[in-house]
Every structure is written in structure tokens, then in C-alpha cells.
Trainee: 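Encoded as C-alpha cells, here's the structure I'll be asking about.
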Amino acid sequence: MKLNCCFKSLVIGAIALALPMTSVAAQTPILIKFSHVVAVNTPKGQAAEYFKKLAEERTKGAVKVEVYPNSQLYKDKEEMEALQLGAVQMLAPSLAKFGPLGLKEFELFDLPFIFDDYAELHKVTQGPVGAKLLKKLESKGLMGLAYWDNGFKVMSDNKPLRNVNDFKGHKMRIQSSKVLDSQMRSVGAIPQKMAFSEVYQALQTGVVDGTENPPSNLYTKKMYEVQKYVTISRHGYLGYAVLVNKKFWMGLPADIRAALESSMKDATEFANSVAKKDNEDAMAAVIKSGKSEIITLTKEERAAWRKTMDKAHKENIGRIGADIVKEVYKATGYKP
Ligand code: LMR
């Protein structure tokens, strides 16, 4: 009886202690800083804004999402470190930027000509390989919530790139991926790793001759204004994984996390529904601007790019992991 009475007062005491915290929590929303490097009017930029809207609505203001686009807060490398340290809570880096974290498997997405279209890509991002890769993030203190699409890359340069020999000696900006390094070397180019925020100026000042990116990035960052030629090659894919700091995410109240998960699900559907059209519209705008000459490859020319760039597959299968690459080949039908 006595014990029961003590227990009761302990419970009441604990509730009393918890109460001020609850009211403080109600006043001070949980902050999610979402940092990214691209413009707002890109598939990633728009999806980040949409996630913010849904997350704030569905948590009834208990969560506040601050989106920082255009490398405002951090550049490529720093943003990964900031996430691991908990200085930001959410990112959506390109899948080509996971190698430096020690997660080389993600570079399979950079293999040239691996996906013919979005349907083939989704077999991987929405299949067992995609899930396996996201799981690997946990060893780095991170969690992968989703894959967000961007698009298929074009090559831009100050000289026309039509035949594989045209790349010889050209300095080409790449993201931090060994596969992309191999891809550029396979055609005789000199790859230069560089943060996205520095690309426009590097092109403008001639630090590099050219680059690769989906039309959406080429257009929104005005790269086409400082490049004489754009080759519609669709030689590779660029897309994202949405990452959170694991400790932060797992420390959230379960109902809040559930609301954020449902917001992420819908933001992902949104991202993946606008990516194709955004890239088509961006390419149309680049063409319409008349600032750079557009090169369309013939079937034979494109086949020659594919054959030469296959070297990047051979050189990196061991690095990415033979089993996982074979699984992707099976899913997409890529034949070396
Ligand atoms: C790049 O660095 O070219 C891209 O990864 C930028 C982005 O996030 O789309």
C-alpha cells in the first residue's frame, strides 16, 4: 500500500517534470535543415519545398523545415560532413557523391549507358538493389529515406563533341566519382573533380573545357551560356538519395517520424513525376536560347560512345562489387 502510494507520487512527479518539456516542445518546433546545391526550379529543389510544405502541415507545426538551396549553406563535400555531425538534418546528394564516404557501391548509378530510360532506372532504385544500398548508409550514421530522380546527362563543351576522339585532351568537370573519372579517361579526356557551386565559373574562365549534367542543371545554372556546344548524348544518369542523420531521425517521437515518412513518400512521388518533364523543358529552353549549338548523335555515333565508355564498367566492377553490378545488368538488360 505504502509502496503503491510512493509509486503514485513518483508517477505524478514524473508527469509534472514532463509537462513543462511538452509545452516547451510545443512552442519550439523540431528544426530540420535541408541543405542542397541546386536551384529551386529543379526536380530536387521543388521536391525539397514540397516536402517542407507537407511536413509542416502534417506535423501541425511541430516540425519546421528550412530549405537551403544553391549551396547557400554548404558545398558538396561539406554538406556530407555537416549531416554526419548533425549540423544539418537532411540532404539529397547526387548518387555520384557517395564514394568519398566509403560507399563505392552507389557509383553503379554512374556507369555509362547502364539505364536506357527511367523505367530501367526504377527497376534498381525501387527494387532490392536500391534497398540494399540505402541500408549501407547506416554504418555511416546516416539513413536513406528515398531516391529522387533527376535525369539523363548531356555533354557540353567549347568544341563540338560528336566522336569519341573529340574529347582528347579536354578538361571535363566531374562529380566526385571514380566511375565518372574512368568514363572521361576512356574517351581521352582529363577529368577534374569540382564542387557543383564552382562549375559555372570554371566553365566561364576556361579552367575546364566542358562538363556533363542533366539539362535541368545545365539550364538553371546557366552553364549553356558559357558553353558553345551541347551534345544530347544521354550517356549516363544523375539522381539522388535523400539522407538523414540516423541519430536525429530515430530520436524523433514516433508520431512525428510517421508524419515525416508519409510526407517524404509523397514528396518522392512528386519528384519522380516532374523530373522527366523538367528536363525536357530545360532542354527545350536551352535549344530556344540559341546560346549553344546543339549536337544530336546518330545511332552509330552514340553506339561508338557506348562501346568506348564500356571501359568504365570493366575498370570499376571490382570497386563497386561484381555481384551487385551483375544484379543491375540483369535488371536493366545492359550487355557489356
Ligand atoms: C553536380 O554536382 O553536378 C550535381 O550532383 C548537382 C546536383 O545536385 O544535381
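It should be emphasised that the depicted structure is a prediction, and the values quoted were computed from it without experimental measurement. Read the numbers this way: they start at 1 and go in the same order the structure lists the ligands and their atoms.
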Trainee: Considering only NZ, NE, NH1 and NH2 on the basic side and carboxylate oxygens on the acidic side, decide whether Lys33 and Glu66 come within less than 4.0 Å.
Mentor: no
Trainee: Tell me the contacting part of Asn213 for ligand 1: side chain, backbone, both, or neither, using a 4.0 Å heavy-atom threshold, strictly below.
Mentor: side chain
Trainee: Heavy atom of Lys44 under 4.0 Å from ligand 1?
Mentor: yes
Trainee: Does Asp76 reach ligand 1 with a nitrogen or oxygen that is under 3.5 Å from one of the ligand's nitrogen or oxygen atoms?
Mentor: no
Trainee: Please check this pair: side chain of Asn279 against backbone of Ser216, looking for a donor-acceptor N/O pair closer than 3.5 Å.
Mentor: yes
Trainee: What protein heavy atom lies closest to atom 5 (O) of ligand 1? Include the residue and the distance to one decimal.
Mentor: Gln175 OE1, 2.6 Å
Trainee: Taking all non-hydrogen atoms of both residues into account, name the closest pair between Leu134 and Phe106 and its distance.
Mentor: N-CZ, 4.3 Å
Trainee: Give the numbers and elements of all ligand 1 atoms closer than 4.0 Å to a heavy atom of Ser94.
Mentor: 5 (O)
Trainee: Select one of side chain, backbone, both or neither to describe which atoms of Lys97 lie under 4.0 Å from any atom of ligand 1, heavy atoms only.
Mentor: side chain
Trainee: Which side-chain N or O atoms in residues 235-243 pair as donor and acceptor under 3.5 Å with protein atoms at least two apart or in another chain?
Mentor:
from	atom 1	to	atom 2	distance (Å)
His235	ND1	Ser233	OG	2.8
His235	NE2	Glu212	OE1	2.7
Tyr237	OH	Asn150	N	3.3
Tyr240	OH	Asn150	ND2	2.9

Trainee: Considering only non-hydrogen protein atoms, determine which one is nearest to atom 9 (O) of ligand 1 and report residue, atom name and distance to 0.1 Å.
Mentor: Tyr240 OH, 2.5 Å
Trainee: In terms of residue, atom name and distance, what is the protein heavy atom nearest to atom 7 (C) of ligand 1?
Mentor: Val38 CG1, 3.3 Å
Trainee: To which protein heavy atom is atom 3 (O) of ligand 1 closest, and what is the distance rounded to 0.1 Å?
Mentor: Arg173 NH1, 2.7 Å
Trainee: I need the contact type for Met223 against ligand 1. Using non-hydrogen atoms and a strict under-4.0 Å cut-off, is it side chain, backbone, both or neither?
Mentor: neither
Trainee: Is there any salt bridge (charged side-chain N to carboxylate O under 4.0 Å, His left out) pair reaching into residues 320-332, and which pairs are they, with sequence neighbours excluded?
Mentor: Lys132-Glu327
Trainee: Heavy atom under 4.0 Å from ligand 1: found in Leu238's side chain, backbone, both, or neither?
Mentor: side chain
Trainee: For Lys221, look at atom NZ and say whether over 12 heavy atoms of other residues, nucleotides or ligands are found less than 6.0 Å away.
Mentor: yes
Trainee: Check whether the side chains of Tyr329 and His313 place a donor and an acceptor atom closer than 3.5 Å, and report yes or no.
Mentor: yes
